[in-house]
Engineer: 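Before I ask anything, let me first share the structure, which is written out below as structure tokens.
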Number of protein chains: 2
Amino acid sequence: MDEKSILARIKAGGLKITRQREVIITVLIENKGNHLNLEQILEKSHIYHDNISAATIYRNITFLEQNGIIKKFTGHDKKSYYEIEARGEAHKHHDHLFCVKCGEIIEFYNQQIEKLQQKIARETGFKILDHKLEIYGECRKCSSGE
Amino acid sequence: MDEKSILARIKAGGLKITRQREVIITVLIENKGNHLNLEQILEKSHIYHDNISAATIYRNITFLEQNGIIKKFTGHDKKSYYEIEARGEAHKHHDHLFCVKCGEIIEFYNQQIEKLQQKIARETGFKILDHKLEIYGECRKCSSGE
DNA sequence: CTAACTGCAAACAGTTTGCAGAACT
DNA sequence: AGTTCTGCAAACTGTTTGCAGTTAG
């Protein structure tokens, strides 16, 4: 999903294109594949625009999340992290490995795990809306030489 | 893990057995398999003891968590939930299904998913320390009749 | 022009902490 | 007695909200 179509989506929602919104989206796209918390978004946004407040970021992110443009998750540190959805039409869900030493976050996708979840849901009579698999450990770098 | 051995563990740590600690542990054991947040622990504790404060519960829970006696996780509602570890020696990890409508939490365990995670870790050079799989959806009751 | 948006500061919710008194051993 | 623990209230942190002024369309 590129900036243009996100802005189009915003307009379609009867909302306005503001400098702040553009900047936030730019920052998220530039960091596609990363996972940013408020501070980080704030910091990076200031490169493009002097004064963007936390409130504005939260408000915009809420909209983006509700429209499936970004995905939010809560880290061990109780902060929320945001990540832009790379998906085209085929929504390719992915999960995360967190390195507890250096903080690196690695994405992965495993079809079999996704399928097993569907199986569990069937057995339990559960209708899956979403899921989140987080693995914590040490990445290659940290567990070898440090 | 029963109340007796938990209390023994506390003593071994050079700590004292207080009425509040006993009550908290009793409550957690009575609700083995459930997942309680602060309010719930507080409420259930008052059945046994008039005046237990939130601070005391947090402080004790921190100790219990650090000693692997209970497990904590953060719900979508940003509250922390606690659950006593049922494990004997063979630590049987389990994961959770959350009903977004009624709030019910169902546990499950799937050996294949655990194995696939190990496989992913191998491929990524990652050393797994812990993991968490949370599935959100509607439980049987809520998705049928309501 | 006017409805939506923003920054600010105050409000919130969950959790943590300092302190003086209470309780375990 | 001496140390650890507790309740209380105040402090903290991340997030949300009300408001008056600003801006996009």
Side-chain angles (χ1 to χ4, degrees), chain A residues 3-4 6-27 35-43 45-46 48-67 70-83, chain B residues 3-4 6-27 35-43 45-46 48-67 69-83 103:
Chain A
E3 183 146 0
K4 220 167 179 178
I6 295 173
L7 293 176
R9 186 96 73 97
I10 288 173
K11 270 197 166 159
L15 304 179
K16 295 175 177 175
I17 309 299
T18 63
R19 185 93 187 83
Q20 289 87 335
R21 284 225 242 261
E22 288 177 325
V23 168
I24 293 168
I25 293 165
T26 302
V27 166
H35 309 74
L36 307 177
N37 60 27
L38 180 89
E39 293 164 281
Q40 295 168 323
I41 295 173
L42 208 47
E43 189 189 324
S45 293
H46 286 328
Y48 297 103
H49 193 284
D50 284 342
N51 202 5
I52 294 186
S53 70
T56 296
I57 292 182
Y58 278 120
R59 280 189 276 232
N60 278 297
I61 270 171
T62 302
F63 170 83
L64 294 173
E65 197 199 349
Q66 286 171 349
N67 287 66
I70 61 172
K71 191 126 195 168
K72 160 178 161 178
F73 52 93
T74 307
H76 260 184
D77 59 2
K78 294 248 157 190
K79 291 182 187 171
S80 295
Y81 286 79
Y82 308 94
E83 176 198 14
Chain B
E3 182 145 0
K4 220 168 180 178
I6 294 173
L7 293 176
R9 187 97 72 97
I10 288 172
K11 270 197 167 160
L15 304 178
K16 295 175 176 176
I17 309 299
T18 61
R19 186 94 188 81
Q20 291 85 335
R21 284 224 242 260
E22 287 177 326
V23 168
I24 293 168
I25 293 165
T26 302
V27 166
H35 308 76
L36 307 177
N37 60 29
L38 180 89
E39 293 164 280
Q40 294 168 323
I41 295 173
L42 208 48
E43 188 189 326
S45 293
H46 286 325
Y48 298 102
H49 193 285
D50 284 341
N51 202 6
I52 293 186
S53 69
T56 296
I57 292 182
Y58 278 121
R59 280 189 276 233
N60 278 297
I61 270 172
T62 302
F63 171 83
L64 295 173
E65 197 200 348
Q66 285 170 352
N67 287 65
I69 294 164
I70 60 171
K71 191 128 193 165
K72 159 177 161 178
F73 51 92
T74 307
H76 258 187
D77 58 2
K78 296 248 156 191
K79 291 182 188 169
S80 295
Y81 286 79
Y82 308 93
E83 176 197 15

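From a predicted model like this one, the values you see are computed outputs, not experimental measurements. Residue numbers start from 1 in every chain, and the chains themselves are labelled A, B, ... in the order their sequence lines are given, proteins ahead of strands. Quick note: numbers below take in every heavy atom, side chains included, and nothing from hydrogens, waters or symmetry partners.
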Engineer: Is the number of heavy atoms from other residues, nucleotides or ligands under 6.0 Å of K11(B) NZ greater than 12?
Structural biologist: no
Engineer: Shortest non-hydrogen contact from R9(B) to N67(B)?
Structural biologist: NH1-O, 2.9 Å
Engineer: Could you state the atom-to-atom distance from CD1 of I61(B) to P of dT6(D) in whole Å?
Structural biologist: 12 Å
Engineer: Between dT16(C) atom C1' and Q66(B) atom CD, what is the distance in whole Å?
Structural biologist: 13 Å
Engineer: Hey, is the side chain of Q20(B) poking within less than 4.0 Å of OP1 or OP2 on dG7(D), counting only N and O atoms?
Structural biologist: yes
Engineer: Would you list the protein and nucleotides 9-14 of chain C atom pairs, both N or O, that sit under 3.5 Å from each other?
Structural biologist:
| residue | atom | partner | partner atom | Å |
| --- | --- | --- | --- | --- |
| dG14(C) | OP1 | K79(B) | NZ | 3.3 |

Engineer: Nearest whole angstrom, please: distance from the C1' of dC5(D) to the CD1 of I57(B).
Structural biologist: 14 Å
Engineer: In Å, rounded to the nearest 0.5 Å, how long is the span from OG1 of T62(A) to CD1 of I57(A)?
Structural biologist: 11.5 Å
Engineer: To the nearest Å, give me how far apart CD1 (I52(B)) and P (dC5(D)) are.
Structural biologist: 15 Å
Engineer: Of all the nucleotides listed (dC19(D), dC5(D), dA24(D)), which has the minimum atom distance to the side chain of K16(A)?
Structural biologist: dA24(D)
Engineer: Quick check for you: to the nearest 0.5 Å, what is the distance between L64(A) atom CG and I24(A) atom CD1?
Structural biologist: 7.5 Å
Engineer: Would you say Q40(B) and N37(B) make side-chain contact, with heavy atoms under 4.5 Å?
Structural biologist: yes
Engineer: If you look at every strand shown and take non-hydrogen atoms under 4.0 Å, does R19(A) touch a base, only sugar-phosphate, or nothing?
Structural biologist: nothing
Engineer: Between dC8(C) and S53(A), is there an OP1 or OP2 to side-chain N/O distance shorter than 4.0 Å?
Structural biologist: no
Engineer: With a 4.0 Å cutoff (strictly under), does any side-chain N or O of T18(A) reach OP1 or OP2 of dT6(C)?
Structural biologist: yes
Engineer: Would a 4.5 Å heavy-atom cut-off, applied to side chains only, mark K78(A) and S80(B) as touching?
Structural biologist: yes
Engineer: Would you mind classifying the nucleic acid contact of N51(A) as base, sugar-phosphate or nothing, using non-hydrogen atoms under 4.0 angstrom?
Structural biologist: sugar-phosphate
Engineer: Check the distance between dT16(D)'s C1' and L38(A)'s CG and give it to me in whole angstrom.
Structural biologist: 12 Å
Engineer: Taking only side-chain N and O atoms of N60(B), does any of them lie within less than 4.0 angstrom of OP1 or OP2 on dC5(D)?
Structural biologist: no
Engineer: Nearest whole Å is fine: how far is dT15(D) C1' from I41(A) CD1?
Structural biologist: 13 Å
Engineer: Could you say whether K72(A) or T56(B) is positioned toward the 5' end of DNA chain D, judged by the nucleotide with the nearest heavy atom to each?
Structural biologist: T56(B)
Engineer: Toward the 5' end of DNA chain D, which comes first, L15(A) or R21(B), by nearest nucleotide?
Structural biologist: R21(B)
Engineer: Assuming nearest nucleotide by heavy-atom distance, tell me which of Y82(B) and K11(B) is located more 5' along DNA chain C.
Structural biologist: Y82(B)
Engineer: Can you check the D50(A) CG to dT6(C) P distance for me, whole Å?
Structural biologist: 16 Å
Engineer: Nearest 0.5 angstrom please: T56(B) OG1 to N51(B) CG, how far?
Structural biologist: 9.0 Å
Engineer: Hey, are the side chains of F73(A) and H35(A) touching, using non-hydrogen atoms and a 4.5 Å cut-off?
Structural biologist: yes
Engineer: Starting at CD of E22(B) and ending at C1' of dC5(D), how long is that distance when rounded to a whole Å?
Structural biologist: 13 Å
